[in-house]
Amino acid sequence: MTDLDSEPCPRVRARAGLRAVSRHIVRQLGMLNSAFGELPLSPVQAHALIELSNEAVSIKQLAQRLNIDKSNASRAVTHLTEKGFAYTQCNPKDTRSLLAHLTPQGKKLLQKLHQQQNTMFDQILSQLSTEEATTIESAMATYNKAISRTQAQQGYTIREITHEDDQAIAKLIREVSAEYGLSADKGFSVADPSLDNTSEQYQAAGACYWVIELDGELLGGVGIAPLSGEKGVCELQKMYFSKQLRGKGFAKRMAYLALDYACEQNYQACYLETTACLTEAISLYESLGFEHISKHLGDTGHDACEMPMLLKLS
C-alpha cells in the first residue's frame, strides 16, 4: 500500500470535515457579504452595533469583544457614526480614548437587526427537532470553547523531550507534587529514581514524552509508555502542569496528544493511576472516557496511588 492509499488518521479526517463545515457556515450566514442581510451594515458593523446595545464601549473593549484589531474596530465605529447610528464621547476614566454610544437611530436599527436574525434562526430551527437543536447548541458551545482555548495557547511550544530538559522537568514535577502534598516518602511517582533522567525513560519503542515551553521555560509535560507486565496496554505518565498553564485547556490537549500516539502505536488500552486529592485530574480522565477499575495493573511501583483507571482504545 502506498502513502496515497493509506487511510488518514481520525484527527486528519476530523480536521478536514471541521474546516469544511466551518467554511460553509460562514458563507451560509452571509459573513462574506458586504452587507449584513438587508441592513445597511457590514458584518463587523452589525456585531459592533450589538456590543453597543447595553453600554458605552471603548474602541479597545470593542476590539477585544469582537476579536479584531483596534484599527478595524475604529473603522466600524467611524462608519456607524457617519451613518448616524452611533456617536463618541471622551472617556472620563481615560481621556486618551473615546466611548462609543448608540444614537436613537442606532437603537431602532438594532431592533431591525434582532428581528432579521431571529427570523433567520427561526427558519433554521424549523428544519430541526428540539433534540437536534439542543445537540447542535451543545456542540457549538464546545466548539467555541475549543477556539477560545486555542487562542489562549498561542505562543507556547509543544515538542518531544530532550536530554537538556531533564533538570527542568524534574524540578517542575517536584514542585507540583509538593503543591498537592504528593511527597516522595508517601510512595508517589515523585520518588522515582529515574526522575532526573526522564528523557532516557522514553527512548524505547512505544514510548514518548512531550513538554510545553514558553520563552525557553518548561511549564508542563505528559508521557506514554508500555505498561510493564501488561501486553498491549500503555500507561499515561507524569502529567504535570505549572500554575501558569492551568485553565488554558492544555491538560486535555496534551492528553489527546498522548492518546492519539497510543492509538498509532496499536495499544489496546491505556492505564493510569491517580489519587483522590487530584480532583481536577480525575474529572479530566473521566471526561476522556477513563473508567475506574477495581484492581491495579502492571508494575508501576506507585503504591500510594489508590485509584487505577483504564481507557479502552479503538
Side-chain angles (χ1 to χ4, degrees), residues 6-54 62 64-68 109-154 247-260 262-264 269-270 279-292 309-314:
S6 61
E7 179 74 11
C9 71
R11 285 202 181 272
V12 171
R13 293 197 302 271
R15 180 185 65 198
L18 195 56
R19 283 189 62 189
V21 73
S22 297
R23 188 166 59 246
H24 288 302
I25 287 175
V26 167
R27 295 173 182 177
Q28 293 280 53
L29 292 179
M31 297 307 295
L32 301 182
N33 294 330
S34 59
F36 199 69
E38 299 178 356
L39 303 178
L41 298 168
S42 70
V44 173
Q45 292 164 21
H47 282 268
L49 199 70
I50 292 171
E51 291 304 320
L52 297 178
S53 61
N54 295 320
L62 185 61
Q64 291 173 338
R65 294 181 185 183
L66 298 184
N67 195 30
I68 57 179
L109 183 62
L110 180 63
Q111 289 180 339
K112 291 181 180 179
L113 171 61
H114 286 317
Q115 290 171 358
Q116 173 184 279
Q117 295 305 105
N118 287 339
T119 297
M120 181 179 71
F121 279 92
D122 283 343
Q123 292 173 349
I124 293 172
L125 287 170
S126 70
Q127 319 298 321
L128 303 168
S129 68
T130 301
E131 182 179 354
E132 288 172 332
T134 301
T135 299
I136 291 173
E137 181 183 4
S138 176
M140 292 295 285
T142 301
Y143 186 26
N144 183 58
K145 189 174 184 179
I147 293 172
S148 297
R149 286 177 170 175
T150 298
Q151 294 169 344
Q153 294 170 9
Q154 295 303 303
K248 298 182 185 296
F250 275 110
K252 182 167 284 190
R253 178 177 177 180
M254 296 297 281
Y256 281 138
L257 174 64
L259 293 174
D260 284 348
C263 290
E264 292 169 1
C270 183
T279 54
E280 299 97 333
I282 294 169
S283 295
L284 169 67
Y285 301 144
E286 290 174 343
S287 73
L288 295 171
F290 279 89
E291 297 180 350
H292 296 269
M309 303 181 75
L310 189 70
L311 171 67
K312 294 181 179 179
L313 303 172
S314 56

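Side chains included, hydrogens not; waters and symmetry mates left out as well; all remaining heavy atoms used. Heads up: numbering here begins at 1 and tracks the sequence.
Considering only heavy atoms from C-beta on, Leu52 stays 4.5 Å or farther from Leu110 through its side chain.
One N or O on the side chain of Ser53 and one on the backbone of Ile50 form a donor-acceptor pair closer than 3.5 Å. Between the side chain of Glu51 and the backbone N or O of Arg65, no donor-acceptor pair lies under 3.5 Å.
Shown here are the side-chain hydrogen bond (donor to acceptor under 3.5 Å, both in side chains) partners of Asp260, two or more places apart in sequence or in another chain: Arg11. The side chain to side chain contact (heavy atoms under 4.5 Å, CB included) check on Ala146 picks up nothing, with sequence neighbours excluded. For the side-chain hydrogen bond (donor to acceptor under 3.5 Å, both in side chains) test, residues two or more places apart in sequence or in another chain that qualify with Tyr143 are Ser22. With sequence neighbours excluded, the residues that form a side-chain hydrogen bond (donor to acceptor under 3.5 Å, both in side chains) with Gln153 are Arg253. The side chain to side chain contact (heavy atoms under 4.5 Å, CB included) search around Ala48 returns Leu62, Leu66, Ala76, Leu80, not counting sequence neighbours. Qualifying side-chain hydrogen bond (donor to acceptor under 3.5 Å, both in side chains) partners for Gln64, counting only residues two or more places apart in sequence or in other chains: none. Among residues two or more places apart in sequence or in another chain, the salt bridge (charged side-chain N to carboxylate O under 4.0 Å, His left out) test is passed with Arg23 by none.
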Throw together a table of side-chain donor-acceptor distances under 3.5 angstrom for residues 280-292, partners on residues two or more places apart or in other chains.
residue, atom, partner, partner atom, Å
Ser283, OG, Thr279, O, 3.2
Glu286, OE2, His292, NE2, 2.8
Ser287, OG, Leu284, O, 2.6

In a table with atom names and distances, give each donor-acceptor pair under 3.5 Å that connects a side chain of residues 117-129 to protein atoms at least two apart or in another chain.
residue, atom, partner, partner atom, Å
Asn118, ND2, His114, O, 3.2
Thr119, OG1, Gln115, O, 2.9
Ser126, OG, Gln123, O, 2.5
Gln127, NE2, Gln123, O, 3.1
Ser129, OG, Glu132, N, 3.0
Ser129, OG, Glu132, OE1, 3.4

Return a table of donor-acceptor pairs under 3.5 angstrom between the side chains of residues 24-33 and protein atoms on other chains or two or more places apart.
none

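Here CG of Leu49 is found 10.5 Å from CZ of Phe36. Values are rounded to the nearest 0.5 Å. One distance of note links CG of Leu39 with NZ of Lys112; it measures 8.0 Å at 0.5 Å rounding. Distance check, rounded to the nearest 0.5 Å: CD of Gln151 to OG of Ser148 gives 5.5 Å. Once rounded to the nearest 0.5 Å, the distance linking CG of Leu311 with SG of Cys270 reads 6.5 Å.
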Decide side chain to side chain contact (heavy atoms under 4.5 Å, CB included) for His47 and Ile68; before the verdict, give the C-alpha distance in whole Å, the side-chain angles of both, and the deciding distance to 0.1 Å.
CA-CA 11 Å; His47 282 268; Ile68 57 179; over 6 Å; no
Applying side chain to side chain contact (heavy atoms under 4.5 Å, CB included) to Lys248 and Arg149, what does each step give before you reach the verdict?
CA-CA 6 Å; Lys248 298 182 185 296; Arg149 286 177 170 175; over 6 Å; no
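Contact detail for Thr150 and Gln154: the closest heavy-atom pair is O-NE2, 2.8 Å. Summarising the geometry of Ser34 relative to Pro43, their closest heavy-atom pair is O-CD, 4.1 Å, with the distance given to 0.1 Å. Here the closest non-hydrogen pair linking Leu310 and Ala269 is CD1-CB, 3.9 Å.
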